[in-house]
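Remarks on the structure that follows.
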Amino acid sequence: MNDLQRTRLPGLADATDAVLAVRAAQGDERAFEMIVRRHGSLMRAYAARILGGWADSDDVVQTAFITAWNKLPDLADGTALKAWLMRITSHAAIDRIRARKDHSSLEDYDAPTPESKSPAAIAENHSQIEALSGALEKLPQIQRQCWIMREVGGESYDEIAKQLDVPLSTVRGALSRARAGLITEMEAWR
Amino acid sequence: MTEFFGLDDFEPRQLDGYTIDDLTDYLERGRTPRDESIESSAGCQIALASLERLRELSRDLLTNESGASAPVSEGWVSGILSNIGREARSGRTIPLQHGADSVDLSITEGAVRGLIRQAGDSVPGVIIGSCVLRGDVTSPGEPIAIEVSASAFVEVPLLETADRIRRVVYDAVRRHTELTVSTVDVVIDDVLLPISDESASDSPSDRNGVQ
């Protein structure tokens with residue numbers, strides 16, 4: 001039993017996403033809280049990227065988590081929890097952008113700026129990420145949204161088309177133009 | 001900006017007739033089946049390397065610079081938790097017979113699942129997963145089968161542990177409800193690896209959460 005004494009026994013915080021998902025689906029709020037702690041920050045950052053600023057990202061993620069809680073019983077594969085949450089987040093973010101347009105006031109949003117500098121921030125590729133971030137800000141909104149959902153969120157072309165309510169060909173075209181623009185800029189960062 | 005290994009742009013004439021989109025499709029197919037004309041083209045190789053780097057940077061976009069690994073604030077977490085609807089998960093209503101006929105007492109299926117989870121989690125090295133009550137829980141005396149799945153720490157003896165889970169679950173349900181439990185089935189469907197002291201200071205979300 002020496003080994004058991006030397007090592008910490010696992011608690012709910014060590015549970016896999018699949019376990020947390022099934023427990024939350026069956027009403028376990030503590031499991032849901034672990035999901036919020038584990039994925040909340042990433043969802044916030046993802047929302048901010050799609051929204052083009054941090055302004056509404058907290059609200060959007062709150063909405064996304066409420067949707068997630070309600071729909072968890074329908075999630076068939078708990079191991080896909082993270083991708084599923086990312087999809088719900090982009091959906092909530094797109095809804096928010098539509099709502100803004102209905103109020104037809106805001107056109108320019110503040111660019112997402114890093115909230116805190118982590119030690120990783122001084123890593124070698126940091127400046128390239130900054131450059132990519134800047135290049136993305138310059139893209140037309142549809143191109144930026146498609147790129148973020150595809151390459152950051154890992155969503156399929158179909159999902160993106162559905163979420164943005166545009167034809168698949170529009171998504172393909174936007175991604176193609178975004179790619180061409182970004183890759184050409186990237187050559188200049190070398 | 002052009003360097004000796006770079007390209008002015010990524011036009012098909014520099015990519016031996018391929019477009020950036022062709023090369024993206026090729027990358028997304030995992031570069032299989034291998035296409036010699038792409039693999040032997042210097043222009044395509046440069047473009048493929050750039051595309052891969054671009055995808056890599058895009059994936060890092062959230063995790064590296066946006067505070068995505070920073071812990072969320074307590075107020076934010078409790079704000080979310082206070083907004084979720086609990087009633088939706090309460091399940092069936094399980095009657096409790098009590099001395100007085102005039103008093104209607106019951107417990108929800110959700111609450112019973114909660115106490116089963118709590119009992120199972122109390123077994124050292126165990127995290128309960130799903131928990132299902134089979135049978136008509138709304139009719140007193142009907143036999144009920146309980147199915148529980150669990151993750152177990154790799155260093156605990158599995159058979160003994162499954163048996164302990166079965167016993168604590170059975171006891172908890174008997175103590176707190178009037179359900180007639182016919183069987184408690186325990187499936188250990190995942191094994192958890194040891195968490196060493198050295199990594200104990202890491203936040204668990206770093207290890208288990210986002211890759």
Side-chain angles (χ1 to χ4, degrees), chain A residues 3-4 6-16 18-19 22-23 26-29 32-33 36-42 44-46 48-49 58 62 65-66 69-70 82 112 114-116 118 120-121 123 125-126 128-130 132-133 147 151-152 176 179-180 182-184 186-188 190, chain B residues 1 3 6-7 9-10 20-21 24 47 50-51 53-55 57-72 76-77 79-81 83-86 88-90 110 113-114 117 121 124-125 127-131 151 153 155 190 192 194-197 200 204-205 208-210:
Chain A
D3 280 347
L4 276 181
R6 260 193 289 114
T7 52
R8 184 168 66 79
L9 286 176
L12 195 54
D14 304 303
T16 60
V19 165
V22 74
R23 284 180 67 136
Q26 294 187 342
D28 184 2
E29 288 171 36
F32 190 68
E33 181 181 341
V36 173
R37 291 183 189 283
R38 191 175 286 178
H39 298 294
S41 300
L42 191 73
R44 243 180 111 243
Y46 186 45
R49 283 283 160 196
D58 276 345
Q62 287 238 6
F65 271 126
I66 291 164
W69 169 262
N70 292 332
K82 184 177 144 195
E115 287 202 315
S116 61
S118 64
N125 64 347
H126 180 66
Q128 291 207 356
I129 289 178
E130 291 271 280
L132 172 61
S133 177
W147 184 265
E151 298 296 338
V152 181
S176 175
R179 193 178 294 126
L182 292 172
I183 202 170
T184 307
M186 214 176 92
E187 278 302 289
R190 285 177 184 277
Chain B
M1 185 189 293
E3 298 189 28
L7 299 172
D9 48 34
F10 290 95
I20 283 293
D21 289 341
T24 301
S50 293
L51 279 172
R53 182 76 186 127
L54 185 57
R55 297 176 78 186
L57 285 172
S58 295
R59 278 195 297 269
D60 288 350
L61 201 56
L62 297 188
T63 41
N64 272 25
E65 58 137 17
S66 56
S69 52
V72 292
W76 192 71
V77 173
I80 289 168
L81 293 176
N83 275 308
I84 56 175
R86 284 154 181 85
R89 299 289 207 280
S90 48
R113 280 200 298 245
R117 278 194 298 264
D121 283 346
I127 303 172
I128 296 297
S130 78
C131 166
S151 312
F153 186 42
E155 292 182 32
D190 202 3
L192 299 166
I195 303 151
S196 68
D197 279 345
S205 61
N208 284 320
V210 182

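Convention: sequence-line order gives letters A, B, ...; per-chain numbering from 1. The structure displayed is predicted, hence computed values, not measured ones. Every heavy atom of this structure was used, including side-chain atoms; hydrogens, water molecules and symmetry mates were not.
- For the pair Trp76(B) and Val36(A), the minimum side-chain heavy-atom distance is below 4.5 Å.
- The choice from Leu12(A), Asn70(A), Val22(A) that makes the most heavy-atom pairs within less than 4.5 Å of chain B is Val22(A).
- The side-chain heavy atoms of Arg23(A) and Asp121(B), taken from C-beta on, include a pair separated by under 4.5 Å.
- Between Leu61(B) atom CG and Leu132(A) atom CG the span is 5.5 Å, to the nearest 0.5 Å.
- When the candidates Gly125(B), Pro124(B), Gly114(B) are compared by the number of heavy-atom contacts under 4.5 Å with chain A, Gly125(B) comes out ahead.
- Residue contact with chain A, scored on non-hydrogen atoms closer than 4.5 Å, involves the backbone and the side chain of Ile80(B) alike.
- For Thr24(B), the side-chain hydrogen bond (donor to acceptor under 3.5 Å, both in side chains) partners are Arg179(A), not counting sequence neighbours.
- By number of non-hydrogen pairs under 4.5 angstrom with chain A, the leading residue of Arg59(B), Arg55(B), Arg117(B) is Arg117(B).
- Every residue two or more places apart in sequence or in another chain was checked for a side-chain hydrogen bond (donor to acceptor under 3.5 Å, both in side chains) with Trp69(A), and none qualifies.
- Only the side chain of Ser151(B) comes within contact range of chain A, with at least one heavy atom under 4.5 Å from a heavy atom of that chain.
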